[in-house]
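Residue numbers begin at 1 in each chain, while the letters A, B, ... track the order of the sequences.
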Amino acid sequence: MISKPPGIEDIFPDRVFKWNFILDAARNVFRIFNYKELIVPIMEFTEVFSRGIGDDTDIVSKEMFTFEDRGGRNLTLRPEGTAGIVRAYVENGEYNRLALNKFFYNGPMFRAEKPQRGRLRQFNQLGAEIFGSEDPYYDFEIISVVDSIAKSIGIENYTIQLNSIGCRECRGAFIEKLKEYYSLHTDKLCDDCRKRLNTNPLRLLDCKKENCRALREAAPVISEHICGGCSDHFSKVKMYLDRSGIKYKIDNYLVRGLDYYTRTTFEFTADNLGSQNAFAGGGRYDYLVEQFDGKPTPGVGFAAGIERMLLLIEESDIDEPGVDVYIIHSGGESLEKGFDVASQLRKNDFSVDLDPEVKGFKNQFKKAERANASFIVIIGEDELLKGQATVKNRKTGTQIDIGFHVLSSLLMSLIETQ
RNA sequence: GUGAUCGUAGUUCAAUGGUAGAGCCCUGGAUUGUGGUUCCAGUCGUUGCGGGUUCGAGCCCCGUCGAUCACCCCA
């Protein structure tokens with residue numbers, strides 16, 4: 001038997017329904033906040049990601065599905081959404097059309113990681129990006145959008161972790177201080193952290209090893225080293241959050257694994273996700289557009305994992321509605337009558353199902369049950385003789401007889417008034 | 001990529017190295033027209049795959065593939 005590759009899922013209807021519930025809720029939030037949908041390719045030139053995300057990040061250095069196409073071009077299945085959107089934004093000169101753009105997107109992403117709970121090789125994200133303003137209001141707005149989506153799909157018990165990692169200038173100075181400090185203690189660092197000291201010193205703060213954690217206690221703290229501009233920016237973000245009643249926790253050690261972030265970074269975490277505890281994350285990226293040779297344009301955005309949100313609402317009973325009518329018949333003329341009713345109702349936008357094969361009534365009642373039908377129409381020998389069909393309201397159990405000539409129209413009004 | 005645990009029917013799980021089984025699901029019947037409760041019967045297997053040890057392997061050993069969880073990292 002042929003199976004699917006590791007870390008890739010088939011999604012069957014019961015999960016698809018919840019999936020669409022999440023997407024619909026998100027789309028509604030995006031509408032409320034006036035974001036427009038953007039659809040960009042799943043494949044890009046590899047350079048889009050190496051330049052956008054950073055060559056030294058784990059994602060680029062060891063997690064991308066990269067291949068040569070038949071023309072010898074170096075392509076990669078997108079590991080995240082932002083880089084491709086920035087590429088599209090720059091390539092199409094969107095900043096010449098509007099000073100400010102608010103986009104949202106959703107779709108599959110690919111990372112060649114070892115799968116575990118909440119971590120897949122093909123996973124789906126929905127996210128948004130704002131281009132064209134460095135106003136802290138927009139940092140708040142992005143967080144507020146995620147918060148609204150989480151609330152509207154019924155996720156409870158999540159925490160918003162918030163940090164500012166500074167801008168081009170002050171971050172550089174902070175990193176120097178960090179390097180200075182950790183260089184004095186290289187003997188106590190783990191192997192990974194010794195490498196990080198050169199490649200990505202900010203990540204030193206993120207290490208979970210005991211020794212490294214202990215060292216962190218006395219390490220320079222970022223909030224004390226960001227410049228006045230960044231500090232002011234961060235205060236305003238917090239002010240907006242406070243005003244709108246969105247609770248958050250400052251986490252000076254929140255460092256994200258993509259190089260493009262500046263100033264505000266945030267994560268939405270939930271306890272019951274296992275060790276992959278973030279279901280959304282994002283932040284500001286004021287230099288990313290110029291890194292793609294675009295006109296310098298600040299930006300801020302987020303991405304949320306659909307499968308992880310699905311894990312969080314798995315227990316909630318969001319049930320797919322059933323069909324309006326299920327038709328039970330005994331073949332021959334009774335099937336023909338049932339067929340006519342089904343056609344009539346379907347033309348009028350009602351949902352109907354039936355099994356054309358002649359089976360026992362018990363079998364058909366089971367199917368009506370499984371289809372979660374609101375009404376069951378029974379057309380058998382007796383009904384044909386009487387010239388009336390039996391209509392049963394499945395929830396109340398009451399049934400009435402209705403003449404065939406008014407059956408369709410009466411059914412429709414019954415469904416609408418129930 | 002590293003580590004731990006685990007792979008038996010569609011599914012959930014049994015089976016001191018000695019003939020592969022049960023619940024659920026599914027199909028049919030008890031009930032010649034009223035489903036979600038009973039009762040009865042039936043279908044479904046190269047025990048993930050490949051080697052090895054043994055008179056004999058689902059069970060032990062090696063390899064391989066896959067899954068789960070954790071590390072790493074992130075959504």
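Summarising the geometry, the separation between CZ on A:Arg111 and C1' on B:A75 is reported as 6 Å, rounded to the nearest angstrom. For A:Arg78 and B:A75, the CZ to C1' distance is 13 Å, given to the nearest whole Å. To the nearest angstrom, P of B:A75 lies 16 Å from CZ of A:Phe110. The separation between A:Lys362 atom NZ and B:U34 atom C1' is 10 Å, rounded to whole Å. For the pair A:Phe361 CZ and B:G29 P, the computed distance is 13 Å after rounding to whole Å. Summarising the geometry, the separation between CG on A:Leu120 and C1' on B:G66 is reported as 15 Å, rounded to the nearest angstrom. A:Leu23 has its CG atom 18 Å from the P atom of B:A75, to the nearest Å. When the P atom of B:U34 is taken as reference, atom NZ of A:Lys367 falls 17 Å away, rounded to whole Å.
Taking atom C1' in both B:A70 and B:U54, the straight-line distance is 38 Å, to the nearest Å. Rounded to a whole angstrom, the distance from the C1' atom of B:A75 to that of B:U5 is 26 Å. B:A67 and B:U12 have their P atoms separated by 15 Å, with the value rounded to a whole Å. The gap from the C1' atom of B:G33 to that of B:A14 amounts to 42 Å, rounded to the nearest Å. B:A15 and B:C55: their P atoms are spaced 27 Å apart (whole Å). Between B:A9 and B:G50, the distance separating the two P atoms is 16 Å to the nearest Å. Taking atom P on both B:G1 and B:G10, the two are 31 Å apart, rounded to the nearest angstrom. Only the C1' atoms considered, B:C6 is 14 Å distant from B:C13, to the nearest whole Å.
Both A:Leu384 and A:Ile306 lie close to RNA chain B; mapped to their nearest nucleotides by heavy-atom distance, the more 5′-ward contact belongs to A:Leu384. Closest-nucleotide positions on RNA chain B for A:Ala280 and A:Glu9 were compared, and the one nearer the 5' end corresponds to A:Glu9.
Judged by Watson-Crick or G-U wobble contacts below 3.5 Å, the nucleotide B:A9 has no partner. B:C71: Watson-Crick or G-U partner is B:G1, with both key distances under 3.5 Å. The partner of B:U64, taking Watson-Crick or G-U wobble pairs whose two distances both stay under 3.5 Å, is B:G48. Base-pair partner of B:U27: B:A41 (Watson-Crick or G-U wobble, both distances under 3.5 Å).
The pair A:Glu141-A:Lys102 meets the salt-bridge criterion, since a charged nitrogen lies less than 4.0 angstrom from a carboxylate oxygen. Residues A:Arg284 and A:Asp286 are paired through a salt bridge, judged by an N-O separation under 4.0 Å between the basic side chain and the carboxylate. At a threshold of 4.0 Å, the pair A:Glu9-A:Arg15 counts as salt-bridged, since one of the basic side-chain nitrogens sits closer than that to a carboxylate oxygen. Contact check on A:Arg119 versus A:Glu307 returns no salt bridge, with no Lys/Arg side-chain nitrogen under 4.0 Å from an Asp/Glu carboxylate oxygen. Under the 4.0 Å criterion applied to side-chain N and carboxylate O atoms, A:Asp293 and A:Arg51 are assigned as salt-bridge partners.
Base contact: A:Glu383 has a heavy atom under 4.0 Å from a base atom. Residue-level contact check: A:Gly380 touches the bases, meaning some heavy atom is under 4.0 Å from a base atom. In this structure, A:Gly7 reaches the sugar-phosphate backbone alone: every heavy-atom distance under 4.0 Å involves primed, P, OP1 or OP2 atoms, never a base. Nucleic acid contact for A:Gly127: none, since no nucleic acid atom lies under 4.0 Å from a heavy atom of the residue. Across all strands, A:Lys366 comes closer than 4.0 Å only to sugar-phosphate atoms, never to a base (heavy-atom distances). Looking at heavy-atom distances under 4.0 Å, A:Phe279 makes contact with sugar-phosphate atoms alone, never a base. If you check every strand for non-hydrogen atoms under 4.0 Å, A:Asn124 touches nothing. Contacts of A:Ile328 with the nucleic acid, taken as non-hydrogen atoms under 4.0 Å apart, are absent. Base contact: A:Ile378 has a heavy atom under 4.0 Å from a base atom. Among the protein residues, A:Arg117 comes within range of the sugar-phosphate backbone only, with heavy atoms under 4.0 Å from sugar or phosphate atoms but none that close to a base. Heavy atoms of A:Glu307 sit nowhere under 4.0 angstrom from any nucleic acid atom. Within the nucleic acid shown, A:Ala368 has no heavy atom closer than 4.0 Å to any nucleic acid atom.
A distance-only check finds no donor-acceptor pair linking the side chain of A:Asn34 to the backbone of A:Phe30 [under 3.5 Å].
Considering only the side chain of A:Lys392, B:U34 comes nearest among B:U34, B:A75, B:G28. In this structure, of B:U34, B:A67, B:A75, it is B:A67 that holds the atom nearest to the side chain of A:Pro6. Candidate nucleotides B:C26, B:U38, B:A75 were compared by shortest atom distance to the side chain of A:Arg370, and B:C26 ranks first.
Taking 3.5 Å as the limit, the base of B:U34 and the side chain of A:Gln364 contain no donor-acceptor pair of atoms between them.
For CZ of A:Phe65, the number of neighbouring non-hydrogen atoms (other residues, nucleotides, ligands) closer than 6.0 Å is greater than 12.
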For nucleotides 1-4 of chain B, give me every protein contact, N/O to N/O, under 3.5 Å, one pair per line with atom names.
unit_1	atom_1	unit_2	atom_2	d
B:U2	O4	A:Lys114	NZ	3.4

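Aromatic pair A:Phe131/A:Tyr95: centroids not less than 6.0 angstrom apart.
Looking at A:Glu381 and A:Ser334, their side chains never bring a donor and an acceptor atom within 3.5 Å of each other. Side chains of A:Glu44 and A:Thr76: a donor-acceptor N/O pair is absent below 3.5 angstrom, by distance only. A side-chain donor-acceptor contact under 3.5 Å links A:Glu129 and A:Thr82.
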